[in-house]
Amino acid sequence: MMGQQVFIFDTTLRDGEQVPGCKLNTKEKLALAVRLEELGVDILEAGFPVSSPGDYESVNQIAKTLKNTIVCGLSRAVQNDIEVAAAALKPAKRFRIHTGIGTSDLHIKYKFNATREEIIERAISAVKLARNFTDDVEFFAEDAGRTDNEYLARVIEAVIKAGATTLNIPDTTGYCLPYQYQAKMEYLVNNVHNIDKAILSCHCHNDLGLATANSIAGVMGGARQIECTINGLGERAGNTALEEVVMVLNQHSDLGYRTNINTRLLNPISHEVSEIMRMGVQPNKAIVGANAFSHSSGIHQDGFLKEAQTYEIINPELVGAEESKIVLTARSGRSALAHRLNKLGYAYARNDIDVLYPIFLQLADRKKEVSHDDLIEIATAYSK
Ligand code: KIV
Ligand code: ZN
């Protein structure tokens, strides 16, 4: 396949599971991890092992089970966190320790009551310690979105020197605009001397609804990894939705990037995640929402029935969705009515449709959606 690879780092089981009410047990997490490996994620963040015995156990079971995917565990830049993460991950074929610390002045002052120089020292020590367990160490500069670029570049250069191989630049609060996030990546590419020894990663939250746009902008600025979750689950307004960034890169092949994701599993896995986490997906959600491939206005339905591409940029089959739907409402036109009747086995001529249409509209004005049964009733009454 052509294009530069963008690695997909799935954090549904870590950042996604931080959603209130989305708690999963080890068995559920393991089942989901296996599905995410089938989906083709390159790195799977299985949890935060030091946070609870249950999370340790889940990360450990996932580490024992996955065959190809790199299994990752989160830790703060704290010795015990890193050692516990390493122990939980040890059985994995390939594992990554994800460690880091807040780098914005707000975090440095209020969370750590420290200085910028002290934070750099703590970051270096954490990365060096993690490197004793694996040569795959990712460093996160929490709140990088609001971190001064010149200081961020110093932190990143220092942790690469200490052995970090992936640099996560989180827009922790979902504050950045796409052009700012892209510029931040570009700044790091141009100002961190040893940047060629590591991969930059996007980790964008959705507080302003910009997580997907920011992640794509980050890639355009030089990042080669996107951290994301199924259905965009995550803290507060959520993370970048995996299905969205994957399909943006897939649809815009002109950008020149590819991922390893099997797009046909996007809808099935979205439904599984929604069910297991008891978190419904909004109907108008891109790619995986119930209405993502539904057409309800007459103008759209007419165009779609003539040629699907007039109103659909993605073939639903490509993302494992059910076939496109023509929904009959009071906004539908004659062609949609004829199409749906035809599907039910009634091959009416144009004149018949002209007679049926006002009857249909009367019903549609009373109901949100005209169902199969309603249509059969209208057709039967008409034939009598
Ligand atoms: O949003 C964030 O900054 C995070 C880090 C822990 C990677 O989730
Ligand atoms: Zn996050």
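Predicted model, so just to flag it, every value in this text is computed and none were measured. Each ligand, and each atom within it, is numbered from 1 in the order the structure gives.
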### Geometric N/O contact Asp143 with ligand 1, under 3.5 angstrom
no

### Task
Specify the protein heavy atom at minimum distance from atom 1 (O) of ligand 1: its residue, its atom name, and the distance to 0.1 Å.
His205 NE2, 3.0 Å

### Task
Output the atom name for the N/O/S atom of Asp15 with the smallest distance to the Zn ion (ligand 2).
OD2

### Query
Which residue holds the protein heavy atom closest to atom 7 (C) of ligand 1, what is that atom called, and what is the gap in Å?
Asn168 ND2, 3.5 Å

### Query
Quick check: does any side chain N or O of Glu227 sit under 3.5 Å from a backbone N or O of Phe9, one acting as donor and the other as acceptor?
no

### Query
Is there side-chain contact between Thr99 and Asp81, with heavy atoms separated by less than 4.5 Å?
no

### Query
Numbering the atoms of ligand 1 from 1, which are under 4.0 Å from a heavy atom of Glu142?
3 (O)

### Query
Does ligand 1 have any atom that is closer than 4.0 Å to a heavy atom of Glu235?
no

### Query
Using heavy atoms and a threshold below 4.0 Å, how should the contact between Arg14 and ligand 1 be classified: side chain, backbone, both, or neither?
side chain

### Electrostatic pair Glu117-Arg154, nearest N-O below 4.0 angstrom
yes

### Task
Among Thr134, Asp135, Asp136, find the residue that satisfies the side-chain hydrogen bond (donor to acceptor under 3.5 Å, both in side chains) test when tested with Arg96.
Asp136

#### Entry: Check: His203 N/O within less than 3.5 Å of ligand 1 N/O
yes

### Query
So Tyr348 and Tyr382, would you call those rings parallel, tilted or perpendicular, with 30° and 60° as cut-offs?
perpendicular

#### Entry: Minimum-distance protein heavy atom relative to atom 3 (O) of ligand 1
Thr172 OG1, 2.7 Å

### Query
Are Asp105 and Arg116 within salt-bridge range, i.e. N to O under 4.0 Å?
yes

### Query
Under 3.5 Å between some N or O of ligand 1 and some N or O of Asp15?
yes

### Task
Find all atoms of ligand 1 within a distance of less than 4.0 Å from any non-hydrogen atom belonging to Pro170, and give their numbers and elements.
2 (C), 3 (O)

### Message
Which heavy atom of Ile101 sits nearest to which heavy atom of Phe112, and what is that distance?
### Response
CG1-CZ, 3.5 Å

## Note on the structure
The residue among Asp171, Ile169, Asp15 that forms side chain to side chain contact (heavy atoms under 4.5 Å, CB included) with His203 is Asp15

